[in-house]
Amino acid sequence: MQLSDELVTRQTMNWVNQFIVKLNVCPFAKREVERESVRVCVIRSKKVEVALEELMSEIHWLDENPETETTLLVFPTLFKGFYQYLDFVSLAENLMFEQECEGVYQLATFHPDYCFSGVEQDDVSNYTNRSPYPMLHILREESVEKAIEFYGDTEVIPEQNIEKMEELGAQKIDQILQDCMSETE
């Protein structure tokens, strides 16, 4: 059974609210959620080439809609495998460079099976980038720079997040993620 785009969007926003914002994984997210400037786009493509076209279309959409701060491109039917997803991320970053998006937009990456290089798959630190579905988070570089300037030392954020994940433990984090996905049609 294919989940509707509306359900995938609600589950994604549940994750943003209950995991990213509530646990303060990203200290910049709450403001944008409250401003309703986060856009979620569900991409149903089953082809990498089309997914890349969708990425560039969304970047062009953001160019035309500055009131939207950021977009989450969600791929519920593509990139089931984490390494296939990483290959796509590499292609996406290369395409963005070719299209002269460097310095304008950047990507943050999330996947249900996210695993940092050199870290064991079951290490809780991986949960900082685990999400209900494979997704790309398109960020405006100028906004990232302003947020960093306002926040100060952002180098501590990953360390603080790892500590949070360790305090919570894998079982509790898995429960939070399951709760985000529990909403049905």
Side-chain angles (χ1 to χ4, degrees), residues 3 5-43 58 62 68-76 79-82 85-86 88-89 92 105-184:
L3 304 174
D5 289 359
E6 293 79 17
L7 178 60
V8 171
T9 298
R10 285 195 311 270
Q11 291 172 334
T12 298
M13 286 309 297
N14 287 344
W15 169 75
V16 168
N17 285 303
Q18 297 303 312
F19 186 75
I20 300 297
V21 172
K22 189 173 183 179
L23 297 178
N24 202 32
V25 173
C26 174
F28 317 116
K30 182 179 181 181
R31 175 178 183 260
E32 300 314 322
V33 169
E34 288 174 349
R35 290 178 57 223
E36 297 182 1
S37 64
V38 177
R39 178 173 151 102
V40 176
C41 291
V42 178
I43 308 298
E58 186 59 24
L62 285 168
T68 299
E69 183 60 42
T70 189
T71 298
L72 295 170
L73 288 182
V74 183
F75 302 94
F79 312 121
K80 298 295 182 203
F82 178 61
Y85 168 78
L86 286 182
F88 170 71
V89 169
Y105 295 102
Q106 64 177 263
L107 299 177
T109 56
F110 299 92
H111 190 278
D113 297 321
Y114 204 97
C115 184
F116 290 103
S117 179
V119 175
E120 294 295 321
Q121 181 68 31
D122 62 352
D123 192 292
V124 292
S125 65
N126 294 314
Y127 282 98
T128 62
N129 287 62
R130 288 193 180 166
S131 57
Y133 300 100
M135 65 179 77
L136 291 178
H137 183 187
I138 306 171
L139 299 149
R140 295 178 186 274
E141 287 253 349
E142 182 179 340
S143 298
V144 170
E145 290 169 9
K146 285 180 185 174
I148 290 170
E149 188 176 303
F150 173 78
Y151 185 84
D153 185 12
T154 57
E155 304 258 333
V156 300
I157 295 171
E159 295 166 20
Q160 291 171 343
N161 285 339
I162 291 169
E163 287 174 17
K164 263 182 241 168
M165 298 305 115
E166 288 172 348
E167 286 172 22
L168 287 169
Q171 188 174 5
K172 175 67 176 167
I173 301 167
D174 280 333
Q175 186 60 55
I176 294 169
L177 293 174
Q178 286 175 14
D179 291 348
C180 293
M181 299 294 286
S182 65
E183 186 175 343
T184 58

For this session: State, yes or no, whether a side-chain contact exists between C180 and Q11 at a heavy-atom distance under 4.5 Å.
Result: no

Exercise. Do F28 and I157 come within less than 4.5 Å of each other through their side chains, counting heavy atoms only?
Worked result: yes

Problem set entry | Any donor-acceptor N/O pair, N126 side chain to D123 backbone, under 3.5 Å | yes

Exercise. Side chains of S143 and E69: do they bring a donor and an acceptor to under 3.5 Å?
Worked result: yes

Problem set entry | Short side-chain to backbone donor-acceptor contact, N129 and T109, under 3.5 Å | yes

Problem set entry | Note, K164 side chain near N161 side chain (heavy atom, < 4.5 Å) | yes

Problem set entry | Lys/Arg N to Asp/Glu carboxylate O, K146 vs E142, below 4.0 Å | yes

For this session: Taking the side chain as every heavy atom from C-beta outward, state whether Y85 and L136 have any atom pair closer than 4.5 Å.
Result: yes

For this session: Would you indicate whether the side-chain heavy atoms of V74 and T9 approach each other to under 4.5 Å?
Result: no

Problem set entry | Centroid separation F75 to Y133 less than 6.0 Å | no

For this session: Please step through side chain to side chain contact (heavy atoms under 4.5 Å, CB included) for the pair T128 and F116, ending with a clear verdict.
Result: CA-CA 10 Å; T128 62; F116 290 103; 3.5 Å; yes

Exercise. Please, which pairs that meet side-chain hydrogen bond (donor to acceptor under 3.5 Å, both in side chains) have at least one residue in residues 14-30, sequence neighbours excluded?
Worked result: N14-E183

Seminar exercise, completed: Given the options E166, R130, Q171, V124 meets side chain to side chain contact (heavy atoms under 4.5 Å, CB included) only with E166

For this session: Indicate yes or no: at least one non-hydrogen side-chain atom of I173 is less than 4.5 angstrom from one of L23.
Result: no

Seminar exercise, completed: Of E32, R140, H137, the one forming a side-chain hydrogen bond (donor to acceptor under 3.5 Å, both in side chains) with T70 is H137

For this session: With side chain to side chain contact (heavy atoms under 4.5 Å, CB included) as the test, would you mind laying out the steps for L72 and T12 before giving the verdict?
Result: CA-CA 9 Å; L72 295 170; T12 298; 3.9 Å; yes

Exercise. Are S125 and M165 close enough that some pair of their side-chain heavy atoms sits under 4.5 Å apart?
Worked result: no

Seminar exercise, completed: With sequence neighbours left out, the residues meeting side-chain hydrogen bond (donor to acceptor under 3.5 Å, both in side chains) with D174 are Y127

